[in-house]
Amino acid sequence: MAILVYAEHDNSSLKAETLKTVAAAQAIGGDIHLLVAGHNCGGVAEEAAKVNGVSKVLVADNAAYEHQLAENVSLLVKDLAGDYDAIIATALTTGKNFMPRVAALLDVAQISDIIGVESADTFVRPIYAGNAIATVQSLDAKKVITVRATAFDAVATDGSAEVVALDSATDAGISSHVSDELTESERPDLGAAPVVISGGRGMQNGDNFKLLEGIADKLGAAIGASRAAVDAGFVPNDMQVGQTGKIVAPDLYIAVGISGAIQHLAGMKDSKVIVAINKDPEAPIFQVADYGLVADLFEALPELEGKL
Amino acid sequence: MKVLVPIKRVIDYNVKVRVKPDNSDVDLANVKMAINPFCEIAVEEAVRLKEAGTATEVVVVSIGDKKCQEQIRTALALGADRAIHIETEETLDSLNIAKLLQKVVEEEAPQLVILGKQSIDSDNNQTGQMLAALTGMPQGTFASEVKVDGGKVNVTREVDGGLQTVSLNLPAIVTTDLRLNEPRYAKLPDIMKAKRKPLDVKAAADFGIDLSPRSTLVKVAPPAERSAGITVETIDELVEKLKTEAKVIS
Ligand SMILES: Cc1cc2nc3c(=O)[nH]c(=O)nc-3n(C[C@H](O)[C@H](O)[C@H](O)COP(=O)(O)OP(=O)(O)OC[C@H]3O[C@@H](n4cnc5c(N)ncnc54)[C@H](O)[C@@H]3O)c2cc1C
Ligand SMILES: Cc1cc2nc3c(=O)[nH]c(=O)nc-3n(C[C@H](O)[C@H](O)[C@H](O)COP(=O)(O)OP(=O)(O)OC[C@H]3O[C@@H](n4cnc5c(N)ncnc54)[C@H](O)[C@@H]3O)c2cc1C
């Protein structure tokens with residue numbers, strides 16, 4: 001079995017989630033190669049070479065892959081696919097974007113967002129916002145899979161894989177990158193942070209998210225939000241936790257002024273410890289919380305910050 | 001410019017689904033169904049493009065059993081002009097759905113196809129990208145803004161780090177994210193009018209595509225339940241528990 005894992009990165013560093021996706025590949029079992037597609041991404045390739053369990057790193061460093069446009073990257077992966085039995089990416093924006101395209105080009109059905117590996121062809125994945133867990137057996141000879149990183153433990157990074165440069169440049173010529181508007185933050189990545197503190201509609205406005213910042217600073221936490229908080233414009237879209245936002249599973253998740261809708265729970269209920277602060281004792285969030293505090297957040301948050 | 005919008009009938013988003021006791025599947029008997037929320041956003045975007053004079057016709061298509069005509073009528077009431085129902089009793093996987101949609105695209109030749117980014121039942125997030133690959137079109141997934149400009153469309157996408165804008169040659173595929181628009185409510189006269197709008201029914205089997213499944217559903221189980229937690233009375237108690245009992249802070 002030969003497995004190609006797509007490395008998630010931003011041309012400067014390898015995303016921590018890739019280490020978890022490699023763990024999923026190990027669970028399937030086989031010779032694992034890591035593909036780094038980008039531009040001026042030598043640093044990423046160096047990091048990739050250290051990932052345990054990887055025997056070879058393929059580097060496609062070309063302007064055509066600078067923004068990892070789905071149209072171009074899918075052609076690259078399709079060209080490489082002949083040598084592999086399984087192609088695996090992380091279910092983050094890049095993987096979610098181009099992988100189904102690869103699957104269709106190969107005439108293979110994709111198994112999305114797996115959280116478990118039963119065997120080389122049978123996988124476990126959540127459906128219905130995590131309210132049901134399906135076990136699916138793929139009948140395709142070649143597997144195309146995306147992985148929910150939070151469900152796997154990262155592999156170590158003291159390996160030394162061979163690095164091979166590819167001279168591929170597949171530019172479909174039908175799309176181009178215009179601009180990025182990325183949120184600048186000194187905080188850890190939502191997907192990788194050990195502690196996440198999220199605010200909901202109860203926060204009332206964007207300014208009040210400052211109440212979460214002091215606590216986040218003390219705990220080394222990332223800050224998240226409910227959809228209602230994002231829709232209301234309190235915070236940017238990349239902070240949304242949930243079925244249709246980011247999936248997180250930190251050691252500690254603190255939900256503040258969040259009611260606990262199915263769609264929000266889908267994104268955080270695999271957290272190790274959940275704390276809920278809400279003034280409504282009937283809020284459904286308390287049903288999943290390990291520690292619930294019925295309180296007004298405007299009193300509770302400053303006190304909590306003071307006592308940490 | 002013609003816009004094609006594929007829509008899916010799914011469980012209503014307020015319903016918490018249950019797994020059948022024999023673990024064969026989820027139980028959808030007597031469950032409230034609705035148009036997939038992301039598809040509703042797709043219909044709204046297409047209708048707005050028409051109202052702005054950019055689009056000339058909005059065609060919706062749904063693949064499924066007879067009942068998905070309810071959701072087709074909903075889309076027509078929201079402002080779509082006509083509809084295609086591809087009838088099948090089978091639950092098709094995304095690749096087969098995309099292959100059927102490819103045939104519709106070949107016949108209808110739309111300049112823009114707007115789909116939902118994911119359906120809230122199977123949560124696959126695949127169909128739009130697969131259709132893009134099969135038709136050779138560029139894709140703007142997870143769209144929060146769509147601007148048609150001559151032979152191109154600029155799509156602003158919700159990505160992990162924030163927003164990204166790409167420029168795509170038309171014809172193109174767009175998949176919707178939550179913040180693209182806020183769908184309108186259909187008014188009663190529009191619901192009445194929708195009943196008379198053209199609906200073309202075709203059998204999936206007549207498309208000459210091999211629709212055999214690529215995977216089997218081995219079982220469906222309920223998720224692990226979290227054990228009930230406790231209520232703490234004060235911040236001091238909370239901090240204490242987190243330090244000594246949960247040991248997640250120091
Ligand atoms: C297709 C679709 C996808 C969705 N995807 C997501 C998703 O990915 N993520 C997501 O989060 N949601 C998602 N939603 C939305 C979801 O259904 C809920 O609407 C949303 O999560 C509610 O956000 P909230 O809990 O912040 O707001 P509300 O439900 O309004 O809850 C606010 C809470 O704050 C509490 N509160 C108010 N004031 C105070 C105070 N002073 N002190 C303490 N507590 C206070 C209230 O008691 C209440 O419980 C989705 C919905 C749909 C239809
Ligand atoms: C309980 C359950 C278990 C299933 N198990 C499996 C399984 O194990 N393996 C498997 O491959 N499939 C399975 N399916 C079927 C499958 O997940 C979907 O119905 C099918 O793949 C369609 O893709 P999607 O809804 O996941 O599309 P997504 O890619 O999530 O949907 C995106 C968009 O595609 C469009 N679209 C999707 N379906 C249609 C449609 N029917 N008509 C028109 N437009 C549409 C809509 O615009 C939608 O917003 C299962 C379905 C259910 C309900």
Side-chain angles (χ1 to χ4, degrees), chain A residues 69-71 74 92-93 96-97 100-101 103-105 109-110 112-113 122 126-140 174-183 219 227 231 236-238 243-244 251-252 262 269 272-273 275 288-294 300 303-304 307-308, chain B residues 11 13 16-17 19 26 93-95 98 117-118 120-126 129-130 132-134 137-139 141-142 144 154 158-169 178-179 213-223 226 229-232 235-236 238-239 241-242 246 248-249:
Chain A
L69 293 173
E71 296 77 10
S74 58
L92 292 173
T93 28
K96 286 197 264 193
N97 190 34
R101 222 176 151 107
L105 292 173
Q110 170 175 304
S112 293
D113 219 13
T122 305
I127 52 177
Y128 292 89
N131 287 309
I133 307 294
T135 303
V136 184
Q137 182 176 22
S138 163
L139 306 175
D140 285 308
I174 49 178
S175 59
S176 58
H177 178 263
V178 177
S179 61
D180 284 327
E181 202 182 302
L182 302 182
T183 310
L219 296 175
R227 174 190 174 184
D231 281 6
N237 64 278
D238 51 284
Q243 179 189 12
T244 59
D251 294 334
L252 174 60
I262 307 176
K269 72 179 175 183
K272 226 180 263 161
V273 174
V275 170
V288 301
D290 298 283
Y291 303 106
L293 178 70
V294 180
E303 189 184 342
L304 178 59
K307 293 206 165 136
L308 285 173
Chain B
I11 190 168
Y13 78 93
K16 187 168 170 187
V17 79
V19 172
V26 296
D93 57 40
S94 310
L95 183 62
K117 80 162 175 178
Q118 80 192 59
I120 61 162
D121 51 2
S122 40
D123 281 338
N124 274 326
N125 197 332
Q126 306 178 348
Q129 298 89 316
M130 287 181 161
L134 296 176
M137 290 186 200
Q139 66 188 48
T141 51
F142 327 143
S144 69
N154 271 17
E158 293 200 359
V159 296
D160 284 334
L163 297 170
Q164 177 190 62
T165 303
V166 291
S167 167
L168 313 174
N169 292 356
L178 293 169
R179 264 116 352 225
R214 303 303 194 84
S215 62
T216 45
L217 191 56
V218 180
K219 68 169 185 197
V220 176
R226 290 188 76 91
I230 60 163
T231 305
V232 292
I235 292 283
D236 283 322
L238 175 63
V239 172
K241 293 275 184 206
L242 291 178
V248 284
I249 63 173

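Numbered from 1 within each chain, the chains take letters A, B, ... in sequence-line order.
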As an exercise, state the distance from CG of A/Leu182 to CD of B/Gln164, rounded to the nearest 0.5 Å.
8.5 Å

Counting heavy-atom pairs closer than 4.5 Å to chain A, which one of B/Leu168, B/Asp236, B/Val232, B/Leu238 comes out on top?
B/Val232

B/Ala98 portion near chain A, given a 4.5 angstrom heavy-atom threshold:
neither

If you tally heavy-atom pairs under 4.5 Å against chain B, which of A/Leu105, A/Ile174, A/Val178 wins?
A/Ile174

Whether B/Lys241 and A/Asp290 form a salt bridge (side-chain N of Lys/Arg under 4.0 Å from carboxylate O of Asp/Glu) is what I want to check.
no

Between B/Asn124 and A/Gln110: side-chain donor-acceptor atoms closer than 3.5 Å
no

If I take atom CG from residue A/Asp140 and atom CZ from residue B/Arg214, how far apart are they, to the nearest 0.5 angstrom?
5.0 Å

Taking every non-hydrogen pair under 4.5 Å, which of A/Ala104, A/Ser176, A/Ser175 racks up the most with chain B?
A/Ser176

In this structure, are over 12 heavy atoms from other groups packed under 6.0 Å from A/Lys272 atom NZ?
no

Heaviest contributor of heavy-atom pairs below 4.5 Å to chain A, chosen from B/Pro222, B/Pro223, B/Gly229, is B/Pro223

Output for pair (B/Asn125 CG, A/Asp113 CG), nearest 0.5 Å, gives 9.0 Å

Pick one of side chain, backbone, both or neither for A/Glu303, based on which atoms fall under 4.5 Å of a heavy atom in chain B.
both

Is there side-chain contact between B/Phe142 and A/Lys96, with heavy atoms separated by less than 4.5 Å?
yes

Top contributor to chain B interface from A/Leu304, A/Thr93, A/Ile262, A/Val273 [non-hydrogen pairs under 4.5 Å]
A/Thr93

Once rounded to the nearest 0.5 Å, what's the spacing between atom CG of A/Asp238 and atom CD of B/Glu158?
8.5 Å

Side chain from CB out, backbone as N, CA, C, O: work out which of these in A/Leu293 comes under 4.5 Å of a heavy atom of chain B, or both, or neither.
both

Between the NZ atom in B/Lys219 and the OG1 atom in A/Thr135, the distance rounded to the nearest 0.5 Å is 4.5 Å

Measure distances from A/Leu219 to the heavy atoms of chain B and classify the residue's part below 4.5 Å as side chain, backbone, both or neither.
side chain

Interface residue of largest heavy-atom contact number with chain B, from A/Leu69, A/Leu92, A/Asn97, under 4.5 Å:
A/Asn97

For the candidates B/Val248, B/Val239, B/Thr165, which exhibits the highest count of non-hydrogen atom pairs separated by less than 4.5 Å from chain A?
B/Thr165

Could you check whether B/Asp123 and A/Gln243, counting side-chain N and O atoms only, form a donor-acceptor pair closer than 3.5 Å?
yes

Most contact-rich option vs chain A, by heavy-atom pairs under 4.5 angstrom, among B/Val17, B/Leu134, B/Thr231, is B/Val17

Atom group of A/Ser74 that falls short of 4.5 Å from chain B, counting heavy atoms:
neither

Which region of A/Ala300, side chain (C-beta onward) or backbone (N, CA, C, O), has a non-hydrogen atom less than 4.5 Å from a non-hydrogen atom of chain B, or is it both or neither?
both

Identify which part of B/Ile230 has an atom lying under 4.5 Å from any heavy atom of chain A, answering side chain, backbone, both or neither.
both

Going by heavy atoms in the side chains, are B/Thr216 and A/Leu139 under 4.5 Å from each other?
yes

Just by distance, do the side chain of A/Gln137 and the backbone of B/Leu217 share a donor-acceptor pair under 3.5 Å?
no

What residue in B/Thr141, B/Ile235, B/Val19 has the most heavy-atom pairs under 4.5 Å with chain A?
B/Ile235

Using modelled atom types only, decide if a donor and an acceptor are shared between the side chain of B/Arg226 and the backbone of A/Val288 within a distance under 3.5 Å.
yes

Looking only at B/Leu242, B/Ile249, B/Leu163, the option with the highest number of non-hydrogen pairs under 4.5 Å against chain A is B/Leu163

Answer with side chain, backbone, both or neither: which region of A/Asp251 has an atom nearer than 4.5 Å to a non-hydrogen atom of chain B?
both

Using only atom types and a distance under 3.5 Å, with no angle test, would you say the side chain of B/Asp121 pairs donor to acceptor with the backbone of A/Tyr128?
no

For residues A/Asn237 and B/Gly162, report the shortest heavy-atom separation together with the two atoms involved.
ND2-O, 3.3 Å

Given B/Met130 and A/Arg101, is the side-chain contact (heavy atoms from CB on, under 4.5 Å) satisfied, shown in steps?
CA-CA 5 Å; B/Met130 287 181 161; A/Arg101 222 176 151 107; over 6 Å; no

Picking from A/Thr122, A/Thr183, A/Val294, which has the most non-hydrogen pairs under 4.5 angstrom with chain B?
A/Thr183

Could you state the interatomic distance from CG (A/Asp231) to CG (B/Leu178), rounded to the nearest 0.5 Å?
6.5 Å

Are A/Ser112 and B/Gln126 close enough, and set up right, to give a side-chain hydrogen bond (donor to acceptor under 3.5 Å, both in side chains), and what steps lead you there?
CA-CA 8 Å; A/Ser112 293; B/Gln126 306 178 348; 2.7 Å; yes

If every non-hydrogen atom of A/Ala109 is compared with every non-hydrogen atom of B/Asp93, which pair is closest and at what distance?
CB-OD2, 4.3 Å

Check whether A/Lys269 gets within reach of chain B through its side chain, its backbone, both or neither, counting any heavy atom under 4.5 Å.
both

